[in-house]
A.B. asks: 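Below: one structure in structure tokens.
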Amino acid sequence: MRLRPLTVCSIVLAVLVAAPTVPAFAAEPVSVATPVPTPAPAPAPTAEPAPGSAAEPEGAEPEATDAEETPPEGTETEPGTETEGAETPAPGGPEEKLEDGLALDEGRVRAIVELTDPAQHAPVAAQAAEESVDVLLRPRTQPFMVVEGTAEELAALADDPRVTGIRRDRTYPPSLASSLRLIGADQAHARNFTGTGQAVAVLDTGIDRDHPAFTGRIVEEACFSAVEAGVESLCPNGAATQTGPGAADAETAKCLDGGVNLCEHGTHVAGIAAGDKGVAPGAGIVAVQVFSRVNDEEICGEPSCLLAYESSLRLAMEYVAGLQRPVAAVNLSLGGGLYDTSCDDTEEGRAFKPAVDALLAKGTATVVAAGNEFHEGVAFPACLSAAVAVGANDDADAIADFSNRGPLLDLFAPGVDVESAVPDDSGAVHSGTSMAAPHVAGALALLKAQSPQAQVTDLVDKLRAAGRPYAYEVAGAQVTTPRLDVLAALTGSAPQPGITQSPAPGGPGRDPEPDPSDSSGPAPTPDDPGDDPQPGTSTPPTPVPLPTVTVTVTVTPRPAASVCTRGTAGKRLTARKWAVEIHRSSGTIPDATLNCYLKLVQKASKVFPELTRASTLGTAYRTLKAAKTARQRLDGALLVGWLNWAHGTNGTTKLTASEKVRLSSTSTGAALKKATKNL
């Protein structure tokens, strides 16, 4: 955690419908501050979902065919985008309250409306009704509401002086030999350090309530699960909120998809943090279901998936902050979006950081999985300075090949082949930064039980100081990140000797890249008649399968899962070659790898999940082939760039700069063309 003075604010987090929040299985799929005065406990949040306000599902697009043609450049332009000198909105106007990209949406958008204070719910809801905006959620204790409306309707609502901002209600997906021995937890248990008297809050996909690993130690349960058209609540009562015994049950019918339990992730994470064989076997467990079931292939890339909405996360964090019991840590093994610098001052960061600060004020650390993208940075919200960002290592004391890394990381912890509980009273082995984060959350419960009056910031400092140093290189600079050693932290022992990680991040087989800021390769250009991909007409690159980890099951058979992480080719492909790869399996990169790349693009980019959905091979192909307008040409160039990044090239600076141009409703045609050329 990057320690610095903090100002206590409120509570927030972001979840992607445009870019989903996920648990942090490597195979799957999701910093502490200066102490501040402890506020009075907040009441458990309640919400008032508005009936009949669900969004209309989008129609599925037809499958791409070889007959699709691209008009020559300059054939057609978008109204208002090809003219130089477009007007800039007046400072302080309603346009400035709208998040970038919202004004470009053509359909209805689920959005969070930030208010000056909670007392404005009723009058702003009335104003929303006048603007034909549907009110989906009105939390009584928080200064925000969730609505759904068109870009024009939201812009009109932004004109209300009681509204301070409007942005998407994002979603986040889950992120995924004894690990206890490596961090000294087994010896800590032998010395009666078990975390008794403390609790760990697991904000995830619920918990198997009757699993033997948790007997008598699930002390609180709650569920905050957003609902709209195509999105189902995972709360047992079917509503958007539920508290009390059974509220976080991970074995409900909505968690099941055929013979698969979609809600397995939370039980596995809880078992690592505080199961009977976990890091803090004496600690209580606060189980909170924060995910929703999404049944939309255009969002998921598959028929169903679990995503956590920002609004659900905000309510869950407020719920934990209001509990009348000591909670040492909140574990968030989920995330979306990638950052290589602090995200405190981003739109997402400004919304979410107050929630982390409010928990710090109550003596609770927020521990977050760094992500599994093999990125020299971390996923959101691990990028917040007040969060404890955790990467994954293996039992050989090496950084896991899938783990994110870099100066934003606070700690590494075991995250490869970690055995823990799963639903149906079973167990399984999974890998991911999702598995690493709960090791740190459990370790904080041990330290807090040892020193109940200690500031949580001091305990995080103690873990960092006692950890075994990992030295490695990021962007040509030396970085040192400690690996968790909870026994050394508890006993005051000197850290173990440091380890230089080799090879340096970048992975085997990666070619050096002349321009580290550009990973895009050639931008798509209007195709000539021979450009439509046909099997056998071009020589595609050698396939680069993704690294995999075997998920073995200790009790009942379960399918193995591969790690969805960036490739290691480190070579750029042209737009034409990517079209060959994506079009109806006509290339040689496996479809499973290509689908993984698209999931990574959705996490890293704001254009594709929010404006141009490219979550399936068919929609990605159409994005590559469309070139009627300046915006479509820029979309194609951006998709090529992000696919090259997912394939293993480094650098996202030019990509993110061009995305800002694409997301602005005031970008001229000349600006869009320049952004395309820049890629």
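Nothing here was measured: the structure is a model prediction, and the numbers come from that model.
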A.B. asks: Give a yes-or-no answer on whether the side chains of Glu318 and Gln142 include a donor-acceptor pair shorter than 3.5 Å.
C.D. replies: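 Side chains of Glu318 and Gln142: pair found under 3.5 Å.
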A.B. asks: Are Val418 and Val429 side-chain neighbours, meaning at least one heavy-atom pair lies under 4.5 Å?
C.D. replies: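 Answer no - side chains too far apart.
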A.B. asks: Sub-3.5 Å donor-acceptor pair from the side chain of Arg217 to the main-chain atoms of Ala283, do we have one?
C.D. replies: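 Judged by distance alone, yes, a pair lies under 3.5 Å.
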A.B. asks: Counting C-beta onward and ignoring hydrogens, is there a side-chain heavy-atom pair between Leu338 and Trp645 closer than 4.5 Å?
C.D. replies: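 Sidechains of Trp645 and Leu338: in contact.
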A.B. asks: Have Tyr472 and Thr480 got a donor and an acceptor in their side chains that come within less than 3.5 Å?
C.D. replies: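 Their side chains do not contain a donor-acceptor pair, so the 3.5 Å distance test is not met.
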A.B. asks: How long is the gap from CG on Leu359 to OG1 on Thr366, to the nearest 0.5 Å?
C.D. replies: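 Result: 4.5 Å between the selected atoms.
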A.B. asks: Do the side chain of Gln450 and the main chain of Leu490 share a donor and acceptor less than 3.5 angstrom apart?
C.D. replies: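 Flag set: sc Gln450 to bb Leu490 pair under 3.5 Å.
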A.B. asks: Checking side-chain polar atoms at under 3.5 Å, does Arg566 have a donor or acceptor matched by the opposite partner on Asn650?
C.D. replies: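 Looking only at side-chain atoms, Asn650 and Arg566 do form a donor-acceptor pair, the distance falling under 3.5 Å.
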A.B. asks: Have Thr346 and Asp344 got a donor and an acceptor in their side chains that come within less than 3.5 Å?
C.D. replies: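 Not at all, the side chains of Thr346 and Asp344 share no donor-acceptor pair under 3.5 Å.
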A.B. asks: With no hydrogens and no angle check, just 3.5 Å: does a side-chain donor-acceptor pair link Ser403 and Thr433?
C.D. replies: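 Their side chains do not contain a donor-acceptor pair, so the 3.5 Å distance test is not met.
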A.B. asks: Please set out all donor-acceptor pairs under 3.5 angstrom arising from side-chain atoms of residues 274-282, sequence neighbours excluded.
C.D. replies:
none

A.B. asks: Given Arg314, which of Val290, Asp169, Ile112 fulfils the side chain to side chain contact (heavy atoms under 4.5 Å, CB included) condition?
C.D. replies: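 For Arg314, the side chain to side chain contact (heavy atoms under 4.5 Å, CB included) check succeeds only for Ile112.
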A.B. asks: What is the minimum heavy-atom distance between Pro381 and Gly335, and which atoms define it?
C.D. replies: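 Looking at all heavy atoms of both residues, the shortest contact is CD-CA, 4.3 Å.
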A.B. asks: Atom OH of Tyr339 and atom OG1 of Thr656: how far apart are they, to the nearest 0.5 Å?
C.D. replies: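 One gets 10.5 Å once the value is rounded to the nearest 0.5 Å.
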A.B. asks: Using the ring pair (Phe, Tyr, Trp, His ring centres under 6.0 Å) criterion, which residues pair with His211? Sequence neighbours excluded.
C.D. replies: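 Checked His211 against ring pair (Phe, Tyr, Trp, His ring centres under 6.0 Å); matches are Phe214.
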A.B. asks: Minimum heavy-atom separation for Glu251 and Asp424, please, with both atom names.
C.D. replies: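 Between these two residues, the closest heavy atoms are OE2-N, 2.9 Å.
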A.B. asks: Decide, yes or no, whether a salt bridge links Asp357 with Lys353 under the criterion of side-chain N to carboxylate O below 4.0 Å.
C.D. replies: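 Result for this pair is yes, salt bridge flagged.
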A.B. asks: Where do Val288 and Val286 land on the side chain to side chain contact (heavy atoms under 4.5 Å, CB included) test, with the steps shown first?
C.D. replies: CA-CA 6 Å; Val288 186; Val286 176; 4.0 Å; yes
A.B. asks: Could you list all the salt bridge (Lys or Arg N to Asp or Glu O under 4.0 Å) pairs where at least one residue sits in residues 366-375, not counting sequence neighbours?
C.D. replies: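 Pairs touching residues 366-375 that pass the test: Glu373-Lys603.
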A.B. asks: Start with the C-alpha gap between Glu348 and Lys606, add the side-chain angles, then the distance that decides, and say whether salt bridge (charged side-chain N to carboxylate O under 4.0 Å, His left out) holds.
C.D. replies: CA-CA 12 Å; Glu348 295 92 339; Lys606 288 187 176 180; 2.9 Å; yes
A.B. asks: Glu114 and Pro143: which non-hydrogen atoms are nearest, and at how many Å?
C.D. replies: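 Looking at all heavy atoms of both residues, the shortest contact is OE1-O, 3.5 Å.
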A.B. asks: Once ring pair (Phe, Tyr, Trp, His ring centres under 6.0 Å) is applied, do any residues pair with Phe193, and if so which ones, sequence neighbours excluded?
C.D. replies: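 By the ring pair (Phe, Tyr, Trp, His ring centres under 6.0 Å) rule, Phe193 matches no residue at all.
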A.B. asks: Taking side chain as C-beta onward, heavy atoms only, is Leu203 less than 4.5 Å from Phe224?
C.D. replies: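 Side-chain contact under 4.5 Å: no.
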A.B. asks: Is there a donor-acceptor contact under 3.5 Å linking the side chains of Glu419 and His430?
C.D. replies: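 Looking only at side-chain atoms, His430 and Glu419 do not form any donor-acceptor pair under 3.5 Å.
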A.B. asks: I'd like to know if the side chain of Ser225 reaches the main chain of Leu234, judged simply by a donor and an acceptor atom lying under 3.5 Å from each other, with no hydrogens or angles considered.
C.D. replies: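 Present.
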A.B. asks: Any donor and acceptor pair, going by atom type alone, linking the side chain of Asn393 with main-chain N or O of Ala400 inside 3.5 Å?
C.D. replies: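 Answer holds: no.
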A.B. asks: Determine yes or no for a side-chain-to-main-chain donor-acceptor pair under 3.5 angstrom, with Ser431 supplying the side chain and Asp417 the backbone.
C.D. replies: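 It does hold such a pair.
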A.B. asks: Looking at side-chain heavy atoms only, is the closest gap between Leu463 and Leu447 below 4.5 Å?
C.D. replies: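 A side-chain contact exists here, since the closest heavy-atom pair is under 4.5 Å.
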A.B. asks: State the CG-CG distance between Leu484 and Leu411, to the nearest 0.5 angstrom.
C.D. replies: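 Reported to 0.5 Å precision, the distance equals 6.0 Å.
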A.B. asks: Would you say Ser420's side chain and Ile272's backbone share a donor-acceptor pair under 3.5 angstrom?
C.D. replies: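 Such a contact is found between Ser420 side chain and Ile272 backbone.
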A.B. asks: Kindly compute the distance separating CG (Leu446) from NE2 (His189), expressed to the nearest 0.5 Å.
C.D. replies: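 Rounded to the nearest 0.5 Å, the CG-NE2 separation comes to 5.5 Å.
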A.B. asks: What's the spacing between Ser426 OG and Asn261 CG if we round to 0.5 Å?
C.D. replies: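 Rounded to the nearest 0.5 Å, the OG-CG separation comes to 11.0 Å.
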A.B. asks: Looking at Glu221 and Arg209, is there a salt bridge between them, counting it only when a charged N and a carboxylate O are closer than 4.0 Å?
C.D. replies: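 Looking at Glu221 together with Arg209, the answer is yes, because their closest N to O distance falls below 4.0 Å.
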A.B. asks: Check the pair Thr194, Asn192 against side chain to side chain donor-acceptor pair (under 3.5 Å), reporting the backbone distance first and the verdict last.
C.D. replies: CA-CA 6 Å; Thr194 64; Asn192 293 321; over 6 Å; no
A.B. asks: Taking the side chain as every heavy atom from C-beta outward, state whether Asp397 and Leu182 have any pair of such atoms under 4.5 Å apart.
C.D. replies: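 Yes - at least one pair of side-chain heavy atoms lies under 4.5 Å apart.
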A.B. asks: Among Val200, Ile207, Val219, find the residue that satisfies the side chain to side chain contact (heavy atoms under 4.5 Å, CB included) test when tested with Ile285.
C.D. replies: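 Testing each of Val200, Ile207, Val219 against Ile285, the sole residue satisfying side chain to side chain contact (heavy atoms under 4.5 Å, CB included) is Ile207.
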A.B. asks: If you look at every heavy atom in Arg483 and Ile183, which pair is closest and at what distance?
C.D. replies: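 Distance-wise, the nearest heavy atoms are NH1-CA, 4.2 Å.
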A.B. asks: Do side-chain atoms of Thr364 reach the backbone of Ala329 as a donor and acceptor pair under 3.5 angstrom?
C.D. replies: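 Not a single qualifying donor-acceptor pair exists.
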A.B. asks: With a 6.0 Å cut-off on ring centres, are Tyr470 and Phe412 close enough?
C.D. replies: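 Yes, they do, as the ring centres are separated by less than 6.0 Å.
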A.B. asks: Under a 4.0 Å threshold between the charged nitrogen and the carboxylate oxygen, would Glu220 count as salt-bridged to Arg325?
C.D. replies: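 A salt bridge is present here (some side-chain N lies under 4.0 Å from a carboxylate O).
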A.B. asks: Work out which heavy atom in Leu384 is nearest to a heavy atom in Gly349; give both atom names and the distance.
C.D. replies: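 For Leu384 and Gly349, the tightest heavy-atom pair comes out as CD2-CA, 3.7 Å.
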A.B. asks: Taking the side chain as every heavy atom from C-beta outward, state whether Val367 and Val330 have any pair of such atoms under 4.5 Å apart.
C.D. replies: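 No. Closest side-chain heavy atoms not under 4.5 Å.
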A.B. asks: Looking only at heavy atoms, what is the nearest atom pair of Ser342 and Leu408, with distance?
C.D. replies: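 For Ser342 and Leu408, the tightest heavy-atom pair comes out as N-CD2, 3.9 Å.
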A.B. asks: Working note: Asn331 + Ser333, criterion side chain to side chain contact (heavy atoms under 4.5 Å, CB included); need CA distance, chi angles, decisive distance, verdict.
C.D. replies: CA-CA 6 Å; Asn331 189 91; Ser333 287; 2.9 Å; yes
A.B. asks: So do the side chains of Leu306 and Cys263 get within less than 4.5 Å of each other, counting heavy atoms only?
C.D. replies: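 In contact.
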A.B. asks: By salt bridge (charged side-chain N to carboxylate O under 4.0 Å, His left out), which residues pair with Lys599, not counting sequence neighbours?
C.D. replies: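 Per chain and number, Lys599 pairs via salt bridge (charged side-chain N to carboxylate O under 4.0 Å, His left out) with Glu302.
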A.B. asks: Using only heavy-atom distances, determine whether the side chains of Gln496 and Asp485 contain a donor-acceptor pair under 3.5 Å.
C.D. replies: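 Looking only at side-chain atoms, Asp485 and Gln496 do form a donor-acceptor pair, the distance falling under 3.5 Å.
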A.B. asks: Checking Asp208 against Thr267: is there a side-chain donor and acceptor pair closer than 3.5 Å?
C.D. replies: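 Per modelled atom types, Thr267 and Asp208 side chains form no pair under 3.5 Å.
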A.B. asks: Report yes or no: does Lys448 contribute a side-chain atom to a donor-acceptor pair with the main-chain N or O of Ala328 at less than 3.5 Å?
C.D. replies: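 Not a single qualifying donor-acceptor pair exists.
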A.B. asks: Can you measure from CD (Gln187) to CG (Leu180) and round to the nearest 0.5 angstrom?
C.D. replies: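 Reported to 0.5 Å precision, the distance equals 11.5 Å.
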A.B. asks: Checking His439 side chain against Met435 main chain: does a donor-acceptor pair fall under 3.5 Å?
C.D. replies: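 Side chain of His439 to backbone of Met435: a pair is present.
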A.B. asks: Restricting to salt bridge (charged side-chain N to carboxylate O under 4.0 Å, His left out), what partner residues turn up for Asp186, sequence neighbours left out?
C.D. replies: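 Here no residue qualifies.
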A.B. asks: Can you tell if the side chain of Asp204 reaches within under 4.5 Å of the side chain of His268, non-hydrogen atoms only?
C.D. replies: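 Contact flag for Asp204/His268 side chains = no.
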A.B. asks: Spell out, as yes or no, whether a donor-acceptor pair under 3.5 Å connects the side chain of Lys462 to the backbone of Gly492.
C.D. replies: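 Flag not set: sc Lys462 to bb Gly492 has no pair under 3.5 Å.
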